[in-house]
Amino acid sequence: MKIDLPPLPYSYTALEPEISKTTLEIHHDKHHAKYVNVANQMIEGTEMEGDDSEALLMKAHKAGNQGLFNNAAQSWNHAFYWDCMKPSGGGEPTGDLADQIKKDFGSFDEFKKQFDTAGNTAFGSGWAWLSWDGSKLVVDKTIGAGNPMTDGKKPILTMDVWEHAYYVDYKNMRATYVTTFLDKLVNWDFVSANFAAAK
Ligand code: MN
C-alpha cells in the first residue's frame with residue numbers, strides 16, 4: 001500500500017488564465033508526483049507502509065526524519081492545495097466561516113491582508129495557511145514543506161508560494177500571484193467544509 005498522487009480536481013486548463021496549463025502540468029505531474037514517489041520509496045519495507053501522507057508527516061516530524069517529512073508533507077500539502085482552488089473562485093466566504101473570520105480578524109479585508117503578508121514574506125520556498133488552532137482561526141507561513149499540523153493546528157486553506165507554483169505565469173511577481181489567488185482562485189466551499197470539520 002502506497003500513498004497516491006490524486007488527480008487534479010479540474011482540468012489542466014481550468015484555472016487559465018490565472019494559472020496556466022503548463023504550470024499545472026509541471027507542478028502536478030512532475031513536482032507533486034516526485035514528492036509522492038520519493039515518500040513511497042522511503043517507506044518501502046518499513047512499518048510505515050500503508051500509512052497515509054498525514055500519518056507519515058506526523059510520524060516523520062516526531063522522529064526528526066527531515067527527509068521523509070519533506071516528501072510526506074509536500075505530498076499532503078499539494079493534494080490539499082489543488083482542492084483549495086477552483087475556476088472562478090475567490091471572492092468572500094459566507095456563513096459560519098465568514099462569521100468566524102470577522103470574529104478572529106476583525107474583517108475579511110484584515111484576514112486578506114494577513115494572508116497576503118504571510119504569502120509574500122515566507123522567505124524562499126514555503127506556504128501560507130489559514131488554520132483552526134482549537135479556539136480560533138490563525139494565519140501562518142511555513143518554510144519548505146512545513147505544515148501547521150505539527151503545531152497541533154488544523155489547516156483549512158493553503159497557498160503554495162514555492163517559485164514552481166507561479167514562476168511560469170508571474171515570473172518574479174509573487175505579490176501578483178498572491179493577490180490573484182485570493183481574488184480569483186480560492187475555493188471557499190472547500191475551505192468552509194474544512195472549517196466545519198475542524199471546529
Ligand atoms: Mn508546489
Under 3.5 Å: donor-acceptor pair, side chain of [X], backbone of [Y]:
X: Asn37; Y: Ala33; result: yes
X: Asn71; Y: Ala39; result: no
X: Glu49; Y: Gly45; result: yes

- Item | Residues in side-chain hydrogen bond (donor to acceptor under 3.5 Å, both in side chains) contact with His27, at least two apart in sequence or another chain |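 By the side-chain hydrogen bond (donor to acceptor under 3.5 Å, both in side chains) rule, His27 matches His78, Asp160, His164.
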- May I ask you to check whether Thr22 and Ser20 show a side-chain donor-acceptor distance below 3.5 Å?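 Side-chain D/A pair, Thr22 to Ser20: absent.
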- Are side-chain N/O atoms of Tyr12 and Asp29 paired as donor and acceptor at under 3.5 Å?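 Yes, because at least one side-chain N or O of Tyr12 sits under 3.5 Å from a partner of the opposite role on Asp29.
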- Query: Is Leu157 reachable from Met149 through a run of hydrophobic residues whose side-chain heavy atoms are each under 4.5 Å from the next?
  - Reply: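 Same cluster: Met149 reaches Leu157 through Ile, Leu, Val, Met, Phe, Trp or Tyr contacts under 4.5 Å.
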- Query: According to the interplanar angle, ranging from 0 to 90°, do the rings of Phe115 and Phe181 count as parallel (below 30°), tilted (30 to 60°) or perpendicular (above 60°)?
  - Reply: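 Answer is parallel, since the angle falls under 30°.
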Looking at [X] and [Y], what are the two nearest heavy atoms and their distance?
X: Ala145; Y: Trp162; answer: N-CZ2, 4.5 Å
X: Thr180; Y: Thr176; answer: OG1-O, 2.7 Å
X: Ser75; Y: Ile3; answer: OG-CD1, 3.7 Å
X: Glu110; Y: Phe105; answer: CG-O, 3.1 Å
X: Val139; Y: Gln114; answer: CG1-O, 3.7 Å
X: Pro93; Y: Phe108; answer: CD-CE1, 3.3 Å

With rounding to the nearest 0.5 angstrom, report the [atom1] to [atom2] distance, [X] to [Y].
X: Leu97; Y: Lys199; atom1: CG; atom2: NZ; result: 9.5 Å
X: Trp129; Y: Lys141; atom1: CH2; atom2: NZ; result: 15.0 Å
X: Asn120; Y: Tyr177; atom1: CG; atom2: OH; result: 11.0 Å
X: Ile19; Y: Lys184; atom1: CD1; atom2: NZ; result: 12.0 Å
X: Leu57; Y: Asn70; atom1: CG; atom2: CG; result: 10.5 Å
X: Glu54; Y: Asn147; atom1: CD; atom2: CG; result: 8.0 Å

- Query: Does the side-chain hydrogen bond (donor to acceptor under 3.5 Å, both in side chains) test come out yes or no for Trp82 and His32, once each step is laid out?
  - Reply: CA-CA 10 Å; Trp82 306 130; His32 188 180; 2.9 Å; yes
- Does Lys86 pair with Asp189 as a salt bridge, N-O distance under 4.0 Å?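 Answer for the salt bridge query: yes.
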- Query: Do Asp99 and Lys102 meet the salt-bridge criterion of a basic N to acidic O distance under 4.0 Å?
  - Reply: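 A salt bridge is absent here (no side-chain N lies under 4.0 Å from a carboxylate O).
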Flag side-chain contact, heavy atom, 4.5 Å: [X] against [Y]:
X: Tyr170; Y: Glu18; result: yes
X: Leu15; Y: Pro87; result: yes
X: Trp127; Y: Ile143; result: no
X: Phe195; Y: Asp96; result: yes

- Query: Partners of Phe80 by ring pair (Phe, Tyr, Trp, His ring centres under 6.0 Å), sequence neighbours excluded?
  - Reply: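 Partners of Phe80 under the ring pair (Phe, Tyr, Trp, His ring centres under 6.0 Å) test: Trp76, Phe190.
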